[in-house]
Structure formats: structure tokens, C-alpha cells
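Okay, so here's the structure we're looking at.
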Amino acid sequence: MSRPSGGLDEILVKQNGGDPGGHHCEPINTHSAAAVPAAAAAEGAEPGPDSKQLSALKRDSQARRVDLTGREYYSEEGKTFQLRLVGKIKQQLNADPCLCPEYPSSLGLTEFTRRANEVVLGKSSRAIMESRVLGVQTPGFTAAVRLGAELLRHCFDAGAAWCGPVYLSSPCDDSLAGIFQAAGIQDIRRYYYWDDKLRCICLEKLLQDLEGAPEQSVVVLSASAHYPTGADLSQDQWTVITQLIMRRRLFPFLLLPAQGLCYGDFKRDSWPVQLCASQGMELLCAQSFSHCFGLYGEAVGHLLCVLKQSSLLISLQSQAVKLVRSLWARPSVGGADVVATVLSNPAHLVEWQGEVKRMVERSKLIRDILREKLRLLGTPGCWDHLTQQGGLYCSTGLNDQQVEFLTKRRHVNLLPSGCLNVSAINGRNLKYISESIHLAMTTSP
Amino acid sequence: MSVFCEVPQAAPVAVFKLSQDFNNDQSPDKVNLGVGAYRTDECKPWVLPVVKKVENIIVQDANLNHEYLPILGLPEFRSAASKIALGDDSPAIQENRVGAVQCLGGTGALKMGAEFLRRFHNGNNNTKTPVYVSAPTWENHNAVFANAGFEDIRPYKYWDAEKRGLDLSGFLGDLESCPQHSVFVLHACAHNPTGTDPTQEQWMQIAEVMMRRKLFVFFDSAYQGFASGSLEKDAWAIRYFVSMGFEMFCAQSFSKNFGLYNERVGNLTIVAHDADNLKRVLSQMEKIVRTTWSNPPSQGARIVAVTLNSPELFTEWKDNVKTMADRVLLMRAQLKAKLQALGTPGTWDHITEQIGMFSFTGLNTKQVEYMVKERHVYLMASGRINMCGLTSKNINYVAESIHEAVTKVQ
């Protein structure tokens, strides 16, 4: 199903009331400004790939450039924003005389963890009803993963400090390995995930890698909106994988950084977690509410653990409290208050889901139009994967030289793996970006 | 079989358990002197008026940046927070060798400092470097450093139970005899739990030994302004050490002096030898932060930054802080007076001599048990009480309870 040719960027731009420009690029945006101080500081240490990218951006500041590496969801205007509902609720909470500036529990706000468990597992989840779910509010997604790693280190598999192996997808967020290592788990391995040539997940190789994993290995899997590829496993693929996990006695650690932003459907986005739980598996799940609430600055994360027996909940909870005490003592409440307020109110829920849906629709539209643009330009290769994927990120399949070409010659910055943030594409830069990709594919080796 | 089936139950955190027991207590006379948070005379938490004002400003701000904060935190918060500790005119700041990391509360700041030191102090990854914490100290100090990987956490002599004061010679003795490059966690002011701080002369002696023996200075500053009511006075020790040329860390918390307990506002101030040194330290800090919480929460830091960077709001804040400090001083004076009036055996001067939120009453564990069980007055087993838990309504009852405990229980 293709769109009429010509004026595609106009469609996108009209949708958002903007001005159809030529291929003029954005000058330094607000959304990259925040990254600059970090880049300056990073020069002393061995920079990771993202930091190198940021340093490059800084040097690039004279040229017009398009930055597609950001971690947030950007509006058509190229800015991060808070959901309208969130703004309303913040005003409400601010005016509320009952709210108390007390120390929250180390586990966080009870109402928040309750709702965070429910939104992932479903209200009628057996695990929840049987009190087999531990929920801990954390200051953000990284903190949730870190706490999960610490729990594994101290509590996994009886007694002695557990040191792995932990399997991460290839590619994955480049900070994940560091988080596990910081928790003392040194044995980090990869499993095959995204196939550059096929431009999709290669299930066969993935299964092969997991088949070879020692028992009690932890496998980190993206429930939806995989970063950085945007490629997610299908429900059929999940069914096969969970069978393997159970048979090989592996332990799933699921990542859910942007529930709702993948398919626009909260249930669908967390389906893999529900699948694992319904099959009686134990699992960890790290969640973030940054993207789906526009609460980036508030560090609202959650770690969930489904246990086989409710009798273990108190012990594990006490260990979690002990670990939290030595990490950050307690989480911050502001953002969690907002999330809890929305999630526990049916009217708010509807409004929230509506706003999230609009964000998803825009992302889908951008993917559609980008694919169509490349088709019209006659860009070599198949670009179906752009629209088959969901979420904020997308893997272009460009190789290192092509990515470098984009950076150096066209001032279009992608993540090193050739992935990009779909929401950073808008009516003003779409033409330039698609032409740049075309040039990268046709002029570079 | 669950993979977690052999996980033991961890011992409850003492101060949490105390609060829990207090909450479950049905007695109408119950008093909570355990928790380390400020309470008004109505025994309620207090939202500082200046904080309320600034929160309103923030929530109305249509141009607010909603992005992730930089990894090291909000720049205007970090610099303002460090200035508060070191002084506006600090030569170290002027020499560009002061940096900071915004952290999740004071605990987060300690954690980041500990992780850095374990990796880079006294060699690489030298987990055997001794870390000294005062005897007694805030009990979480041990856990933070242990979890950062340090294997050897030791007490340094501090509290003299008999004298009910600082054991200076013991302290100096430990400083002289410890291995070089040991890390020492010093309470900048309002020592928790004893409320006993070294005098300026005593700090000078401590500094002299630490400099000579190349010991690492790690200040924990959770009560600046709250202790004496004066920000400058409460930062004297930190500033003295900086003026002596120490490189050091200072973990700052704004939970108490801003009443922002639930927003987790902390700052790790780093005083380095020179600007290049600082740059490299910050780059490593970034890596450590990246694997812990990646980007800190913005709300609390924003409130503090806006307040500290506006002359009017800053003055209003200092005023609010003094209100809290003054109420504590009042409760101290009244408690001592009442105990003296009751003729309670022993001397009670330490109640007014001690500084900050806490007082080490000197009650022994049996007496504490009596207080909790028979009188429903909740305090830590160490005899530590939070002065903020006292109000004009309960102070008589508490004084009488102490009197009974001391006279009836030995």
C-alpha cells in the first residue's frame, strides 16, 4: 500500500501545522544541549561510543546538522515535552495540601508500585493475586536494571555471590554491560539478535546461542521497543523462546523502557512479560515511565520480580531494601506521584492512553513516509523493516562507512549501529534525511 | 523450585523498624523520637515556605526543559551547592579545581564517592584500603562503603561514653596509627548520632595529622545550616580543610535543610588538586553514574538551584533554616531545664551542648527499653533522640519518662 507520490513531506507537515521547508537542517537543538556538558567531561575517560558521538556533535556545532541520536521522544518541533495530562496533574498535586514531604520507603510509593505491577502484568494477573510479585520504585530505568543486577548478584542461586553469565542482545544499549559489571557481575555474553543483512531478527541464531547458555544464565530480553534496533520478537517467536528458557532453566530479565510507545497498546507492549508470568516463570522486569509520560527529568523507574512462591516475597523484599539503602536509600517521589495518580484513575487513564496513541501514530507515520521517500528515490535495498518495527528507534541497516558518510559529509548523526530515533525526524528535515540516506547507500562502499 | 528459595530475610533497618513499631502503637501518649526528620511543634513535617514558593514557580513555568538532566546533574544546582559548602569566595573554586556530581540524596553522594575511591584511590581497585567511620556513626555508612567493594571498614574512636564527649586523644591516636592513605569519613557538623562536634582547635589538630599521614578526607555534610542556624558556621571545618590544601570529597544532603526528604537532593563536591585533575575525575564519575542511575531526578535539584541562585529566595531560605534550628535549640533548652527541675540524677548539660538534630542522651539499653515499652517513647537503642520529635505538648511527658527510666532502671 503506497501513498501518492509528491508532496509527502507536505502531508507530514500539514498534519502538524508546520512549514514545509527545503532540506534545511536544525541548528543546535535544545535536545542536544543537555548532552554537551557530558561530552566535555567525558574527554578524560575512555569514551564509550555514545560519548564519542556526543563529542563529535560538539565539534560539529558550526555546521548545520541533524541529530537522530537522542534518547527522548521529540515533538514535531524537535523538542521534548511533557504530556498535557502530566502538566495538569502536576498543577493539581502542587496545590494539594495533604502531600507530605516525608522520607518515602526504600521501596518507593506503595500506590505507584502497585499500579506499576498492574500495568505490566494486568490487574487480574495470577501472580499479583497470589502475592508473588515484588515491586520496587527506582530512580529511573538504569537504576531499575542496576537494582535487578544487585539482586541477582546477592540473591540468585543460593548463597555465594553470583557472577553470571548474563546474556545481552547484539546489539543492545551500550550501558547495559557496564551496569551488570558495576554490580559485580563480570561474565557478560551476547546472543545473536539483529541481522544487518536480513534486516530483521534472526531467530535461528538467537535460539542457537541461548541453547548453548549454561543453566542459571540470565537472559536480558527486550519486551518491546528494542533499543537501538526497534526490532521486536513476534508473539510466535516469544512462545518458542520461553519454551527454550524453561527447558534450559534460564532466567529472563525483561526490559520495558517505553510501555505503550511501541504499539500504542499497553497490553500488547507488555505481552511478553505476561506470557512469561502466565507460564509460571520467575522473572525480573525493569520499567521506565520516562517516555510514556514525558517525565524524563523525574527519573521514574520500577523493578518488578515475579516469584514462584509467595512465601519468598518478604525475604526478597528485605534484601531489596538492604540493597537500596546502600545505593540511593530511597527514590524521589515527584514523578511517581504523577504516574500513580494517572494509573489509578480511569478517566486519567483514558486521556493518557490517548496522548500516547498520538505519539505512536506520529512515529508510525514518519516510518511510513521515510520508507516511501526511499522507495521514490530508488534507494537500493529493501526498507520494509522500517514499517515492520515499532517504537522510537529504528535500525537503518547502514554499515559503519555509510554511517560515517552521513556524519561527516551530510552532518546527519546516527547511533554507531546505524540506528536512529524516529521521532527526531520531522517535516523540516525529512527530505534532507532521506536524500542523505540515499546518498550514503549509493556513493559509499 | 524458585531460584530465590534460599534467600535469607535481611535484618530490618533499625530506624525503619522503630517507626513501624511506633505507627502500630495504639497508646495516645506515644512519642516518636527516632526518625531523622524535622517536625513542627504540631509534630508534622514542614514544607519550607520558600520551597512552596519555588515549587509554584516551577510548575507554572511553561518553558521548563523536560529533558533528561545531564549525567552529572543540573549544572546550576551543582555549582550553587558546592558554593554553599565551600563559600562564594573559595579560592579553590576560583582556581577551577572544584567540581560536583548531583546525586540521589546524601546516600547517593556517599555512594558515588565510595565507588570512585574504590576504583581509583590508593592504586586501582584497591578494595583493601581501610575506610574509617566514627564510633558510633550513621549506620548506613558501613553498608555504602561495603557495597562499593571496600573490604576493610573500621571504626575510629570518637565518642567517649563516660565523659559524654569527644574522645580526641583516641581519635588522634587512630589517625596516627592507621595505614597511610586510609579513607576517613568525617561528619562536617552535627555529628549523627552523638551531636558532638570537634571544636575549631580540635579540627585543626585532626587536619594536621591527616595531612601529615596522607589520609583521604571524605566529609559527610547532611545538616549544614541546621546545626547552628548559620550556614557559614556549620561549614567551618570543610572550609578549613580546603584552606589547608586538602583534596577531598564532600557528600552534601539537602534533605534536612530544605525539607526535601522525598526529592532526594544530594551533591558530591569534589575538591581536586588542579583543574586537569578535576576534569579527569569528573569523567570517571560520569561512568560510575551512568551505571547506577544514569540521569538524576530534576525536581529537587531545581528547587534548590532556583533558591540558592536568587538573592531574595536565598535570604528567605536562610530564614526558614534558622526557624528549624531555633526550634531545636528551644527544645534542647526546655528538655534540660525540665530534667533539672525534676531533679533527674546525672548531669544534663550535654543536651544543650550537643549540636544538631540529635542528642545522645546517655540512656542505656535497658532504660531505652523501658522508655519504649512502658512509656511508649520511641528512641534508638543507642539512646539517640531526635530533638525534632519533641513538642510543647509532649515535652513534659518525655522529661518525666526519662526521669522514670533513669531512677527506676539501672
Side-chain angles (χ1 to χ4, degrees), chain A residues 30-31 34-35 37-38 41-45 71-72 80-82 90-91 94 100-104 139-143 146 155-159 175 178-179 181-182 216 251 282 294 296-299 307-309 312 314-316 318-319 321-322 325-335, chain B residues 1-10 12-13 16 35 37 45-47 55-56 59 65-72 75 103-105 107-108 111 115 140 143-144 146-147 149 255 259-264 279-284 286-288 290-300:
Chain A
T30 49
H31 64 254
E43 272 150 38
R71 311 255 346 194
E72 294 107 327
T80 55
F81 61 96
Q82 87 181 343
K90 277 188 177 173
Q91 301 256 3
N94 186 55
C100 240
E102 297 251 24
Y103 272 126
F141 184 72
T142 294
R146 176 61 182 268
C155 306
F156 196 53
D157 203 16
S175 68
I179 299 172
Q181 285 164 340
Q216 308 285 28
F251 187 96
E282 288 187 316
Y296 303 99
E298 316 269 358
L307 297 160
K308 281 203 168 113
Q309 298 143 243
L312 303 170
I314 303 284
S315 306
L316 198 65
S318 69
Q319 294 294 340
V321 168
K322 193 171 162 194
R325 276 284 274 178
S326 69
L327 288 165
W328 51 75
R330 311 148 200 271
S332 55
V333 305
Chain B
M1 260 316 246
S2 166
V3 293
F4 297 111
C5 57
E6 291 186 33
V7 172
Q9 172 109 9
V13 179
F16 291 176
V35 70
W46 191 46
V47 178
E55 279 175 347
N56 285 336
V59 86
N65 186 328
H66 294 290
E67 297 166 12
Y68 281 122
L69 282 189
I71 293 176
L72 294 178
C103 297
L104 272 280
T107 301
K111 169 70 173 173
E115 289 280 348
N140 205 21
V144 170
N147 263 48
S255 296
L260 285 172
Y261 305 95
N262 57 4
E263 299 289 3
R264 314 303 299 128
K279 201 170 88 152
R280 286 180 281 111
V281 169
L282 285 177
S283 71
Q284 296 296 345
E286 236 193 49
K287 288 179 77 174
I288 298 172
R290 186 85 174 94
T291 58
T292 318
W293 52 68
S294 194
N295 311 83
S298 58
Q299 178 70 351

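The structure displayed is predicted, hence computed values, not measured ones. Chain identifiers are assigned alphabetically (A, B, ...) following the order of the sequence lines, protein sequences preceding nucleic acid strands; residue numbering begins at 1 within each chain.
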Do you know which of Gln309(A), Arg330(A), Gln91(A) has the most heavy-atom pairs with chain B at a distance under 4.5 angstrom?
Arg330(A)

Which atoms of [X] come close to chain B, meaning under 4.5 Å heavy atom to heavy atom: side chain ones, backbone ones, both, or neither?
| X | value |
| --- | --- |
| Leu327(A) | both |
| Ile314(A) | both |
| Gln181(A) | neither |
| Val333(A) | both |
| Phe81(A) | backbone |
| Phe251(A) | side chain |
| Lys322(A) | side chain |

Heavy-atom pairs under 4.5 Å with chain A: which of [options] has the most?
| options | result |
| --- | --- |
| Asn262(B), Asn140(B), Ile288(B) | Asn262(B) |
| Gly105(B), Ala37(B), Cys5(B) | Cys5(B) |
| Leu260(B), Thr292(B), Val144(B) | Thr292(B) |

Taking the side chain as every heavy atom from C-beta outward, state whether Trp293(B) and Arg264(B) have any atom pair closer than 4.5 Å.
no

Side-chain contact test, heavy atoms from C-beta onward, threshold under 4.5 Å: evaluate it for Val3(B) versus Phe156(A) and give yes or no.
yes

Minimum-distance pair of heavy atoms, taken over all atoms of Pro104(A) and Tyr261(B)
CD-O, 4.1 Å

Considering non-hydrogen atoms only, spot the tightest contact between Leu307(A) and Leu312(A) and give its length.
CD1-C, 4.1 Å

Do the side chain of [X] and the main chain of [Y] share a donor and acceptor less than 3.5 angstrom apart?
| X | Y | value |
| --- | --- | --- |
| Glu282(A) | Lys308(A) | yes |
| Ser298(B) | Gly297(A) | yes |
| Ser332(A) | Glu263(B) | no |

Is chain A contacted by the side chain of Pro12(B), its backbone, both, or neither, given a heavy-atom distance below 4.5 Å?
neither

Contacting region of Val13(B) [heavy-atom separation from chain A under 4.5 Å]
side chain

Contacts of Tyr296(A) meeting ring-ring contact (aromatic ring centres under 6.0 Å, His included) (sequence neighbours excluded), chain-then-number -> His291(A), Tyr68(B)

Could you tell me which residues satisfy side chain to side chain contact (heavy atoms under 4.5 Å, CB included) with Ala299(A), sequence neighbours excluded, listed by chain and number?
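Pro139(A), Pro297(B).
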
